[in-house]
J.: 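Just dropping this structure here.
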Amino acid sequence: MKRRVKKHLPNAITCANLFSGCIGIVFAFQGNLLIASYAIFLSAIFDFFDGLASRVLNSFSFIGKDLDSLADMVSFGFLPSAILYELFLRSPQINKVSDYLCYIAFAITVFSALRLAKFNVDTRQAESFIGLPTPANAILIASLPLIIQQYETLDHIILNPYVLTGLVVVMCTLLVAEIPLMSLKFKNRDFNQNIFRYLLLLFSAILILFFKFVAVPVVIFIYITLSLIQLKITSDHHHEQPTKA
């Protein structure tokens, strides 16, 4: 019984991630973007714990890895596109720009698929990421309806079709960009080795505590910035090391 639990628990949590994403898509197309956004956050929690369970139980499998990518494709690929699509439709200016511009939202799905396919075969991403992880991208998009609810005065900015289009272009670029970004997996408790992870968690906690969902885009920016600083320090350290004759 313990073996069966050990073998199937991570995959069960991954399936919960997928189920949450499916429910979120239904609510997104029904126009309930708040629940759709919360579904992304719930999927992100499941996504974190399926990896944690896999490491703790030492139950890695290739099926689990592929299942995780398929679940992420729904929860962090298609669902955020559905939310963006609905945001485009709610834009007062969308009819003045183009009736077809809203379909650009699904570029997020396409580039998320590319990102996940690349991740599965890229051996460089065993301990870090190359490009923005799909959960981070999805969480940023999920924050938009929640920000509008929190600060109604920002709706004319967020619902501007040019702002939404720019967001799609930037996020699609970050998904497949050759930018090394740190993973949040703690392999040990050594402070020096994990200092940038601790800083990210500290800044995130403070910002979210005071600014709630409006802090999410800022947290993503800090995540990218800290990753680049870490890369620069690591690169300089390697260059400073003496080479053997």
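This structure is a prediction, so every number in the text was calculated from the model and none was measured.
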J.: Looking at Ala39 and Gly24, what are the two nearest heavy atoms and their distance?
T.: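 Scanning both residues completely, I find the closest heavy atoms to be CB-CA, 3.6 Å.
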
J.: Shared ILVMFWY cluster between Ile158 and Leu34, side chains joined below 4.5 angstrom?
T.: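 Same cluster: Ile158 reaches Leu34 through Ile, Leu, Val, Met, Phe, Trp or Tyr contacts under 4.5 Å.
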
J.: Begin from the C-alpha positions of Leu159 and Ile148 and carry the test side-chain contact (heavy atoms from CB on, under 4.5 Å) through to its verdict.
T.: CA-CA 9 Å; Leu159 295 180; Ile148 292 175; 4.0 Å; yes

J.: Could you walk me through whether Ile130 and Leu181 satisfy the side-chain contact (heavy atoms from CB on, under 4.5 Å) test, starting with their C-alpha distance in whole Å, then the side-chain angles of each, then the deciding distance to 0.1 Å, before giving a yes or no?
T.: CA-CA 6 Å; Ile130 305 294; Leu181 300 175; over 6 Å; no

J.: Do Phe111 and Leu114 come within less than 4.5 Å of each other through their side chains, counting heavy atoms only?
T.: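 Heavy-atom side-chain distance check passes, below 4.5 Å.
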
J.: Has the side chain of Asn32 got a donor or acceptor atom that lies under 3.5 Å from a matching backbone atom of Ile35?
T.: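 Indeed, once roles are kept as given, a pair shorter than 3.5 Å links the two residues.
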
J.: Flag yes if Val97 and Leu164 sit in one hydrophobic cluster, no otherwise; membership is Ile, Leu, Val, Met, Phe, Trp, Tyr, and two members link when side-chain heavy atoms are under 4.5 Å apart.
T.: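 Yes, one cluster joins them.
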
J.: Give a yes or no on this: more than 12 heavy atoms of other residues, nucleotides or ligands lie within 6.0 Å of atom CG of Leu209.
T.: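 Correct, the count exceeds 12.
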
J.: Taking Ala142's backbone N and O only, do any of them form a donor-acceptor pair with Ser37's side chain (distance below 3.5 Å, no angle check)?
T.: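 Yes, the answer is positive, given that a donor and an acceptor are paired below the 3.5 Å cut-off.
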
J.: What distance do Ile94 atom CD1 and Tyr100 atom OH have between them, rounded to the nearest 0.5 Å?
T.: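 Those atoms lie 12.5 Å apart.
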
J.: How many angstroms lie between CD1 in Ile206 and CG in Leu201, if you round to the nearest 0.5 Å?
T.: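 Output value for this atom pair is 11.0 Å.
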
J.: Give the ring-plane orientation class for Tyr38 versus Phe213, where under 30° counts as parallel, over 60° as perpendicular and anything between as tilted.
T.: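 Judged by the thresholds at 30° and 60°, the geometry between Tyr38 and Phe213 is perpendicular.
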
J.: Nearest 0.5 Å, what's the CG-CZ distance between Asp99 and Phe88?
T.: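 Atom-to-atom, Asp99:CG and Phe88:CZ are 13.0 Å apart.
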
J.: Looking only at non-hydrogen atoms, find the nearest pair between Ala53 and Ile13 and report the distance.
T.: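 The pair with the smallest heavy-atom distance is CB-CD1, 4.1 Å.
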
J.: Please report the shortest heavy-atom distance between Leu84 and Ala105, naming the atom on each side.
T.: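 Closest approach of Leu84 to Ala105, heavy atoms only: CB-CB, 3.7 Å.
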
J.: Would you check if the side chain of Arg197 reaches a backbone N or O of Met182 as a donor-acceptor pair within less than 3.5 Å?
T.: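 Judged by distance alone, no pair lies under 3.5 Å.
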
J.: Can you check whether Phe29's main-chain N or O pairs, donor with acceptor, with Tyr85's side chain at less than 3.5 Å?
T.: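 Checking the backbone N and O of Phe29 against the side chain of Tyr85, no donor-acceptor pair under 3.5 Å is found.
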
J.: Roughly how far, to the nearest 0.5 Å, is CG of Leu79 from CD1 of Ile108?
T.: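 Ile108 CD1 to Leu79 CG: 12.0 Å, rounded to 0.5 Å.
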
J.: Can you confirm whether Leu199 sits close enough to Leu226 that some side-chain heavy atom of one is under 4.5 Å from a side-chain heavy atom of the other?
T.: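 Yes, close enough: below the 4.5 Å cut-off.
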
J.: Keeping Ser54 on the side-chain end and Asp50 on the backbone end, is there a donor-acceptor pair under 3.5 Å?
T.: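 The answer is no, because no donor-acceptor pair under 3.5 Å joins these two groups.
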
J.: In terms of hydrophobic clusters joined by side-chain contacts under 4.5 Å, are Leu202 and Tyr223 together?
T.: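 Yes, one cluster joins them.
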
J.: Is the backbone N or O of Thr109 less than 3.5 Å from a side-chain atom of Ser81, with the two atoms forming a donor-acceptor pair by type?
T.: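 Yes.
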
J.: Donor-acceptor pair, Ser204 side chain versus Leu200 backbone, under 3.5 Å?
T.: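 Yes; at least one donor-acceptor contact below 3.5 Å.
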
J.: Under 6.0 Å from the CZ atom of Phe41, do we count more than 12 heavy atoms belonging to anything else shown?
T.: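 Atom CZ in Phe41 is packed in, count exceeds 12.
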
J.: Looking at Leu231 and Pro180, what are the two nearest heavy atoms and their distance?
T.: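 Residues Leu231 and Pro180, closest heavy atoms: CD2-CG, 3.7 Å.
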
J.: Quick one: does Arg115's side chain have a donor or acceptor within less than 3.5 Å of a partner on Leu132's backbone?
T.: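 Yes, because the side chain of Arg115 sits within donor-acceptor range (under 3.5 Å) of the backbone of Leu132.
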
J.: Taking Leu228 as the starting point, is it possible to reach Ile222 by hopping between hydrophobic residues whose side chains are less than 4.5 Å apart?
T.: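 As far as the 4.5 Å side-chain criterion goes, Leu228 and Ile222 are connected within one cluster.
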
J.: Assess whether side-chain contact (heavy atoms from CB on, under 4.5 Å) is satisfied between Ile40 and Ile83, documenting all intermediate values.
T.: CA-CA 10 Å; Ile40 286 181; Ile83 292 174; 3.7 Å; yes

J.: Do any N or O atoms from the side chain of Ser43 and from the backbone of Asn17 form a donor-acceptor pair under 3.5 angstrom?
T.: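 The answer is yes, because a donor-acceptor pair under 3.5 Å joins these two groups.
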
J.: Evaluate the criterion side chain to side chain donor-acceptor pair (under 3.5 Å) for residue pair Ser69 and Asn120; output intermediate values, then yes/no.
T.: CA-CA 8 Å; Ser69 292; Asn120 279 356; 3.0 Å; yes

J.: Taking all non-hydrogen atoms of both residues, which atom of Pro80 and which atom of Ile141 are closest, and how far apart?
T.: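 Closest pair (atom of Pro80, atom of Ile141, distance): O-CG2, 3.6 Å.
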
J.: For residues Phe196 and Ser227, determine if any side-chain heavy atom of one lies less than 4.5 Å from a side-chain heavy atom of the other.
T.: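 When only atoms from C-beta onward are counted, Ser227 and Phe196 do not touch, as no gap falls below 4.5 Å.
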
J.: Between atom CG of Leu116 and atom CG of Asp68, what is the distance when rounded to the nearest 0.5 Å?
T.: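 One finds 8.5 Å between CG of Leu116 and CG of Asp68.
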
J.: Quick one: which of Leu144, Leu87, Leu146 gives a side chain to side chain contact (heavy atoms under 4.5 Å, CB included) with Leu33?
T.: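 Among Leu144, Leu87, Leu146, the one meeting side chain to side chain contact (heavy atoms under 4.5 Å, CB included) with Leu33 is Leu87.
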
J.: For the residue pair Phe76 and Asn137, establish whether any side-chain heavy-atom pair is separated by less than 4.5 Å.
T.: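 No; the side chains remain at least 4.5 Å from each other.
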
J.: Determine, step by step, whether Phe46 and Phe19 satisfy the side-chain contact (heavy atoms from CB on, under 4.5 Å) criterion, reporting the C-alpha distance in whole Å, the side-chain angles of both residues, the deciding distance to 0.1 Å, and the verdict.
T.: CA-CA 10 Å; Phe46 286 130; Phe19 184 78; over 6 Å; no

J.: Quick one: does any side-chain atom of Lys212 pair with a main-chain N or O of Gln150 as donor and acceptor, under 3.5 Å?
T.: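 Checking the backbone N and O of Gln150 against the side chain of Lys212, no donor-acceptor pair under 3.5 Å is found.
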
J.: According to a 4.5 Å side-chain heavy-atom criterion applied to Ile, Leu, Val, Met, Phe, Trp and Tyr, with indirect links allowed, do Val110 and Leu174 form part of one hydrophobic cluster?
T.: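 No; tracing contacts between hydrophobic side chains, which count when under 4.5 Å, never links both residues.
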
J.: Over all heavy atoms of both residues, which pair between Phe211 and Val214 is shortest? Give the atoms and the distance, please.
T.: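 Minimum heavy-atom contact is O-CG1, 2.9 Å.
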
J.: Going from CG on Leu70 to CD1 on Ile63, what distance comes out if it is rounded to the nearest 0.5 angstrom?
T.: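 So the gap between those two atoms works out to 11.5 Å.
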
